[in-house]
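All values below were derived from every heavy atom in this structure, side-chain atoms included, with hydrogens, water molecules and symmetry-related copies excluded.
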Amino acid sequence: MEKVWEPLGSLLFREHGPSRSTPERFVLSWLGVFDAGEVFGIMQVEEVEEEEEEEEAAQEARKRQPNPGSELCYKVIVTRESGLQEADPNSIFLIDHAWTCRVEHARQQLLQVPGLLHRMANLMGVEFHGELPSAEAVSLVLEEMWKFNQTYQLAQGTAEDRVPVWYIMDEFGSRIQHADVPSFATAPFFYMPQQVAYTLLWPLRDVDTGEEVTRDFAYGETDPLMRRCMLLPWAPTAMLDISSCTPEPPAEHYQAILKENKEKLPLAVSPAVYPDNHVFKVYTDMQQVASSLTHPRFTLTQSEADADILFSFSHFKDFRKLSQERPGVLLNQFPCENLLTVKDCLASVARRAGGPEGPPWLPRTFNLRTELPQFVSYFQQRERGGEDNHWICKPWNLARSLDTHVTKNLHSIIRHRESTPKVVSKYIESPVLFLREDVGKVKFDVRYVVLLRSVKPLRLFVYDVFWLRFSNRAFALNDLDDYEKHFTVMNYDPDVVLKQVHCEDFIPEFQKQYPEFPWTDVQAEIFRAFTELFQVACAKPPPLGLCDYPSSRAMYAVDLMLKWDSLADGKRGSPSADPNHQAPPPPASRVPGEGRGRPQAVFWLEQARYQGWGKPWLGPQGRAVPAAQWGGQGRGWGLWQGELTGQEARGKGTLIVRTHTPWPAPLLFFLIKLNIQA
């Protein structure tokens, strides 16, 4: 079907006629009439600066505007003499979209799509001269776009397909102003036959001629303080009087999550006891487990009802039924483990280890759904104090850095709240870097696999072979939308270089680059952070903590980064673990370790129930081999060979053990053997 919009036109399409025999015919009749000019008009208004004093934040925002001083303002009004009636089916309109993109592609599109930068600059009031896109104009548009952006996401397709899409309505739609009590409403509308999105516009009441067309920019939010935050991109205001403290949510918050997840807690059961020669029947929906599980103590079954072990990829929910009917069946999940695997829950639970500010191994994190006012206050406090204000926005429950953005734009962070539930964490502005001879000093992160054997008593194991991921470009606190500079997940794009280093090769190279910080000391602190995290996650009864279910075992992948500690004099301390991304590289003239404390571990807020790697990893000789074929030629390697060699150090409460168990070792065997009795 021929397109019915013009690339640079501000066209509005009206629903027309009573033809509703089929949805497609109904919409086609919509697209055929171009009579919006008979209904609406756009007025240009010059705003005169008020004599009264503005709030400090408003003054600063005015100074930062692309065109300071008197600013042209546009308003949309109803011009038809008869006005519009709410009940009239002909009072529904379609607004075209001028620009649709995903955030990570915005800069590239502005630079490459002919005419796009020019149109966006004119629409947003950004000065732009010349034919060729300038970096300054592009940056201004990327900053101002958050006053105009709207969003939707597809409900089907791959994880990549479901990443939120942002769009800017055409010149007509973008000039509709805000009102707390609006006269119209808008909503995105995706027309499948054309694979095109529009915005629906309809009146909320009868509107007379001459009345302004307005919509609520904070639609759906009723809390006055939250609305104040959401409207901040258009109505700057200081929120320094709001406390930035983020205490742990009440018990009702966790009860609501349990109900939302439809998870049913188990009844109390006794630990399963199996004879020494028992052969376990395993039911799994994971190909990696099915193809790798060759030990004679296990046999695969296609019947879930006959299985002794359930090793499931999907979220298991009905623990109550399982505990009632088959209490001896073991499974690879714990009830309420979302407290560890979902980012907002992880941040809330982790604060138990360090108070409202959180422990040193967790970057300052805010839940944008519930803690937006606290975040805005904290951001403005740091801004006033001249502190670094780079942040990273992440969805609650996505991995692989999907829909994850680094920014220092407060408006961007506030608007991201409208797409999917997100947390925002302080970006690590001072990460420990790794020198790659081919590109320079880059960011890297580390993945450990921990094995939770039981909650009460807490018995936790950590696998001493860790995985490394590297950025592909030298780190600097600029080009925040440069994925290969600020992110490390490179193993899902075949067109991107994937740098792989085995941990046994990494350790001596790290100690060569940072000789004053032995890896054994760094790893010891990482393990202490693991201990603290699982202690607080298991300290409270479910659903406030992990549920003690004797038939559960689980592996979790924990991604972390290292950042430099800050000393009292403001200089860097030692590397410390940090679960986010932050930090500028040390000056080139600085001797490694000079003026620093120690590296500190920081969790990258990507903890997840471990499902295995989706791509081959490097074997001990540096060649890529599938996980199921890893040999036994190095520490921690060897598939299903030999007995467990880890020494179980028993103590009160927590057990953190380094183990040389082969990987992908008989993990089921490792987890279950400790519970087998003769």
Side-chain angles (χ1 to χ4, degrees), residues 97 99-110 142-143 145-146 148-168 188 190 197 230 233 260 315 338 341-347 363 365-372 375 390-428 443 445 447 469 471 479-493 495-496 557 559 561 579-582 603-609 611 614:
H97 295 170
W99 182 25
T100 301
C101 72
R102 289 194 164 94
V103 176
E104 59 270 24
H105 303 144
R107 182 182 300 272
Q108 182 182 10
Q109 291 182 9
L110 287 171
L142 291 174
E143 184 174 345
M145 64 188 271
W146 296 104
F148 299 88
N149 265 342
Q150 312 299 320
T151 187
Y152 64 85
Q153 65 180 121
L154 302 179
Q156 298 176 339
T158 65
E160 288 83 358
D161 295 333
R162 296 195 301 272
V163 169
V165 173
W166 292 86
Y167 65 93
I168 292 177
F190 194 85
M230 292 178 65
E260 180 182 335
H315 182 184
N338 61 283
T341 61
V342 181
K343 297 180 185 67
D344 66 310
C345 296
L346 174 64
T365 300
F366 297 85
N367 183 335
L368 289 180
R369 281 293 174 96
T370 59
E371 297 167 346
L372 181 61
F375 166 70
H390 289 81
W391 294 81
I392 185 164
C393 238
K394 303 178 178 183
W396 285 357
N397 208 13
L398 276 180
R400 297 162 41 192
S401 298
L402 293 173
D403 194 23
T404 300
H405 311 283
V406 180
T407 182
K408 57 179 180 180
N409 185 336
L410 178 59
H411 296 171
S412 169
I413 297 171
I414 292 172
R415 297 301 308 284
H416 271 297
R417 180 182 183 271
E418 299 174 29
S419 56
T420 57
K422 285 185 171 66
V423 298
V424 61
S425 297
K426 183 65 187 67
Y427 188 62
I428 302 172
K443 290 175 59 174
D445 67 12
R447 167 169 289 192
R469 300 183 296 191
S471 297
D479 302 328
L480 300 181
D481 51 0
D482 186 338
Y483 184 90
E484 294 188 62
K485 176 182 290 189
H486 292 280
F487 292 88
T488 58
V489 182
M490 306 295 170
N491 53 317
Y492 292 94
D493 187 342
D495 298 325
V496 174
D559 294 344
M561 296 185 66
N580 241 23
H581 282 53
Q582 295 170 306
F603 293 170
W604 188 193
L605 283 184
E606 289 291 351
Q607 287 70 264
R609 180 157 43 83
Q611 310 290 8

- Message: One pair to check against side chain to side chain contact (heavy atoms under 4.5 Å, CB included): Phe366 and Leu372. What are the steps and the verdict?
- Response: CA-CA 7 Å; Phe366 297 85; Leu372 181 61; over 6 Å; no

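- Taking CD from Gln150 and NE2 from His97, the interatomic distance works out to 8.0 Å, rounded to the nearest 0.5 Å.
- Using modelled atom types, one side-chain atom of Lys343 and one backbone atom of Pro395 make a donor-acceptor pair closer than 3.5 Å.
- Residues Trp166 and Met145 are not in side-chain contact: their nearest non-hydrogen atoms beyond the backbone lie 4.5 Å or more apart.
- Remark: side-chain polar atoms of Arg417 are not paired, donor with acceptor, to backbone N or O of Lys422 under 3.5 angstrom.
- When ring centroids are compared, Trp99 and Phe148 stay outside the 6.0 Å threshold.
- Panel note: side chain Thr488, backbone Ser471; no donor-acceptor pair is recorded below 3.5 Å.
- Nearest heavy-atom pair, Leu368 versus Ile413, reported as atom, atom and distance to 0.1 Å: CD1-O, 3.7 Å.
- Two residues are said to be in side-chain contact when any heavy atoms from C-beta on lie closer than 4.5 Å; Pro164 and Asp403 meet this criterion.
- In this structure, the separation between CG on Leu110 and SG on Cys101 is 7.5 Å, given to the nearest 0.5 Å.
- For Leu480 against Val406, the heavy-atom pair with the smallest separation is CB-O, 3.5 Å.
- Side chains of Val165 and Arg102 form a contact here, defined as non-hydrogen atoms less than 4.5 Å apart.
- In this structure a side-chain-to-backbone donor-acceptor pair under 3.5 Å is missing from Ser412 to Leu410.
- For the pair Asn397 and Thr341, the tightest heavy-atom approach, listed with the atom from each and the gap, is OD1-O, 4.1 Å.
- Annotation: ring pair (Phe, Tyr, Trp, His ring centres under 6.0 Å) contacts of Tyr152 (sequence neighbours excluded): Tyr167.
- Residues Asp161 and Gln156 fail the side-chain proximity criterion, which asks for heavy atoms closer than 4.5 Å.
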- Given the rule in the side chain to side chain contact (heavy atoms under 4.5 Å, CB included) test, do Tyr483 and Val489 qualify, once you have shown the distances and angles that lead to the verdict? CA-CA 9 Å; Tyr483 184 90; Val489 182; 3.5 Å; yes

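- Here the options are His405, His411, His416, the test is ring-ring contact (aromatic ring centres under 6.0 Å, His included), and the partner is Trp146; only His416 passes.
- Closest heavy-atom contact between Asn338 and Cys345: O-CB, 3.6 Å.
- Under the side-chain hydrogen bond (donor to acceptor under 3.5 Å, both in side chains) test applied with Asp479, the options Arg107, His486, Lys485 reduce to a single match, Lys485.
- Contact annotation: the side chain of Trp396 approaches that of Asn367 to within less than 4.5 Å [non-hydrogen atoms, C-beta and beyond].
- Taking Glu371 as the reference, Arg351 meet the salt bridge (charged side-chain N to carboxylate O under 4.0 Å, His left out) condition, with sequence neighbours excluded.
- Across Asp481 and Leu142, no two heavy atoms sit closer than the pair OD2-CD1, 4.4 Å.
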- Given the rule in the side chain to side chain contact (heavy atoms under 4.5 Å, CB included) test, do Arg469 and Asp559 qualify, once you have shown the distances and angles that lead to the verdict? CA-CA 10 Å; Arg469 300 183 296 191; Asp559 294 344; 3.0 Å; yes

- When you look at Val424 and Ile392, which way does the side chain to side chain contact (heavy atoms under 4.5 Å, CB included) test go after all the steps? CA-CA 6 Å; Val424 61; Ile392 185 164; over 6 Å; no

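- Side chain of Lys426 to main chain of Thr365: no donor-acceptor pair is present (N/O by atom type, distance under 3.5 Å, no hydrogens or angles).
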